[in-house]
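Step one of this worksheet: look at the structure below.
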Amino acid sequence: MKIGVIADDFTGASDIGLTLAEGGMRVSQFVGIPKGHTDQDLDAAVVALKSRTAPVDEAVRDSLAACDWLLSQGAQQIVFKVCSTFDSTAKGNIGPVLDALTERLNAPTTIVCPAFPENGRSVYQGHLFVQDKLLNESGMQNHPLTPMTDPDLRRLLAAQSARPVHHVAALLVMQGAAAIRSALPPKGHTIVDAIRDADLLEIGKAARDTLLLCGGSGIALGLPANFGFAPRHPQWDGVSGPGIVLSGSCSRATREQVARFRDVAPHREVTARDAVSGSISVEELVNWALEQKQPPLIYSSADPQVVRQAQDSFGKEKASAAIENLFSDLSRSLRAAGFRRMVIAGGETSGAVVQGLRAQQLQIGPRLAAGVPMVLLPGTPSIALALKSGNFGGPDFFADALNRMEQQQ
């Protein structure tokens with residue numbers, strides 16, 4: 001194994017898994033920390049954790065355990081995969097986990113870059129942009145769990161980390177890998193600007209001998225080539241059978257996708273009140289889904305004001321946990337009922353669904369959209385999944401994904 005990835009959520013894990021697979025590497029996504037040695041011949045492994053919004057101590061503990069397992073498999077370089085919008089709170093978890101990994105690996109310096117230009121995420125002068133807006137004006141300031149109100153990554157990381165935070169500016173990045181490498185300080189975390197894929201490729205070259213990197217999936221663009229791999233297209237045999245869309249994301253993009261799919265498909269909304277009170281049962285939802293003649297949508301994707309009202313009424317943690325538990329139980333029952341294609345929107349929702357399906361390992365397939373691959377849950381029969389981060393994918397992503405899952409590629 002060459003590259004080991006620790007991902008702080010499940011959608012991010014499949015996102016970077018796609019980047020490495022398209023870079024030519026044999027890669028698998030593991031759900032949680034595996035036990036024992038894998039007998040697979042892998043070039044890269046992604047350990048998917050549900051640590052983005054976990055208590056800091058738990059996130060650090062699980063991330064270190066994942067790191068230890070990856071090192072035991074021979075990983076030569078570790079990537080801490082976080083969201084391309086750097087989702088975190090004032091207390092972490094990015095800084096504390098990064099500090100702990102730095103100490104465990106005895107890594108003097110780390111490269112930090114969440115840029116993902118293909119999906120409109122860029123870092124310029126140390127500030128994170130989403131399309132043409134600063135992070136705190138992009139809608140992420142309304143995130144129900146990790147509201148992002150400061151676009152300056154240097155301030156964000158410095159508030160969370162005990163190590164010094166440095167910066168390499170875009171004009172220097174554009175001079176290439178050698179210039180980037182020479183600008184890295186001997187100690188600390190370094191935010192590196194990137195506004196183009198070409199910048200990320202140069203950052204990858206500069207990171208050839210760097211033990212620890214942190215960022216979105218874009219930070220892995222240039223890494224496979226360091227180990228002699230060439231780009232390739234992941235294969236997919238096609239999965240037939242009933243399909244369904246489960247959406248728990250409240251992002252702008254997902255709300256638009258929900259609205260578009262509701263125009264053409266049967267749909268049921270599950271509110272926070274429904275989940276907390278238990279007024280809608282899993283059995284009722286499964287029976288309703290089975291009655292539909294085309295793939296239906298079950299969603300809990302409300303606008304920010306509705307989400308805040310629910311959090312005020314029930315408490316943030318209670319409302320979120322109730323919805324996640326419902327989706328987890330629902331996914332398990334849907335599988336038992338014969339559903340074979342599932343499109344999941346939202347990082348927390350994806351984590352709940354994958355855990356509900358009791359998945360241990362996922363195979364990375366071809367891309368559905370930037371940052372979103374099809375993944376296969378092996379079994380008899382297998383299940384096709386799309387684990388979509390909230391803001392990823394075009395307006396018709398749900399219908400497109402369900403259709404492409406059936407096709408051989």
Side-chain angles (χ1 to χ4, degrees), residues 1-30 42-49 63 66-67 70 73-86 94 97-98 101 105 107 110-119 121-123 173 177 180-181 189-234 362-367 369-373 375 387 389 392:
M1 188 181 297
K2 304 295 189 291
I3 297 174
V5 180
I6 304 161
D8 67 357
D9 84 338
F10 290 80
T11 58
S14 57
D15 179 3
I16 197 168
L18 174 63
T19 302
L20 294 170
E22 290 183 332
M25 303 187 99
R26 294 164 297 181
V27 55
S28 277
Q29 175 178 337
F30 294 87
L42 298 176
D43 305 309
V46 183
V47 176
L49 302 177
S63 299
C67 180
L70 290 165
Q73 309 307 303
Q76 301 171 30
Q77 188 171 55
I78 299 295
V79 180
F80 175 36
K81 164 66 175 70
V82 299
C83 186
S84 59
T85 46
F86 219 66
I94 295 176
V97 170
L98 195 54
L101 291 172
L105 294 167
T110 60
I111 292 175
V112 181
C113 182
F116 191 175
E118 189 176 3
N119 262 333
R121 279 73 166 152
S122 57
V123 180
V173 171
I180 298 169
R181 194 179 299 113
H189 307 311
T190 302
I191 306 294
V192 182
D193 284 357
I195 59 177
R196 313 166 301 169
D197 280 355
D199 299 331
L200 290 166
L201 291 171
E202 293 301 318
I203 292 170
K205 293 177 185 177
R208 178 186 295 273
D209 299 317
T210 302
L211 288 173
L212 177 63
L213 297 88
C214 172
S217 62
I219 204 167
L221 272 178
L223 300 183
N226 290 339
F227 297 97
F229 294 95
R232 68 174 179 86
H233 179 75
L362 301 173
Q363 299 172 7
I364 304 295
R367 70 165 55 200
V372 190
V375 297
L387 308 176
S389 178
F392 287 7

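Note that this is a predicted model, so its numbers are computed, not measured. The residues of the chain are indexed from 1 along the displayed sequence.
- Distance check: Ile219 CD1 to Ile111 CD1 gives 6.5 Å after rounding to the nearest 0.5 Å.
- With sequence neighbours excluded, the residues forming a side chain to side chain contact (heavy atoms under 4.5 Å, CB included) with Ser122 are Phe129, Ile195, listed by chain and number.
- Between the CG atom of Leu105 and the SG atom of Cys67 there is a distance of 4.0 Å, given to the nearest 0.5 Å.
- With values rounded to the nearest 0.5 angstrom, Arg121 atom CZ is found 5.0 Å from Phe392 atom CZ.
- Note: Asp15 CG to Ile364 CD1 = 9.5 Å, rounded to the nearest 0.5 Å.
- Here Pro224 pairs with Leu20, Met25, Phe229 under the side chain to side chain contact (heavy atoms under 4.5 Å, CB included) rule; sequence neighbours left out.
- Partners of Phe80 by ring pair (Phe, Tyr, Trp, His ring centres under 6.0 Å), not counting sequence neighbours: none found.
- Within the structure, every pair that satisfies the side chain to side chain donor-acceptor pair (under 3.5 Å) test and touches residues 1-14, not counting sequence neighbours, is listed here: Asp8-Arg52, Asp9-Thr11, Asp9-Arg52.
- Here side chain to side chain donor-acceptor pair (under 3.5 Å) pairs that include residues 18-27, with residues two or more places apart or in two chains, are Glu22-Arg367, Arg26-Asp41, Arg26-Asp43.
- Residues that satisfy the side chain to side chain contact (heavy atoms under 4.5 Å, CB included) test with Leu201, not counting sequence neighbours, are Leu221.
- Applying the side-chain hydrogen bond (donor to acceptor under 3.5 Å, both in side chains) criterion to Ser389, with sequence neighbours excluded, gives no partner residue.
- Every residue two or more places apart in sequence or in another chain that forms a ring pair (Phe, Tyr, Trp, His ring centres under 6.0 Å) with Phe30 is listed here: Trp69.
- By the side chain to side chain contact (heavy atoms under 4.5 Å, CB included) test, Ala13 is found to be paired with Ala7, Gln29, Val46, Ala48, residues two or more places apart in sequence or in another chain being considered.
- Taking the side-chain hydrogen bond (donor to acceptor under 3.5 Å, both in side chains) definition, one finds that Thr190 meets it with nothing, sequence neighbours left out.
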List, one per line, each side-chain donor-acceptor pair under 3.5 Å for residues 208-216, sequence neighbours excluded.
| unit_1 | atom_1 | unit_2 | atom_2 | d |
| --- | --- | --- | --- | --- |
| Arg208 | NH1 | Asn226 | O | 3.3 |

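- Counting heavy atoms from C-beta outward, Asp193 and Asp199 have side chains that stay 4.5 Å or more apart.
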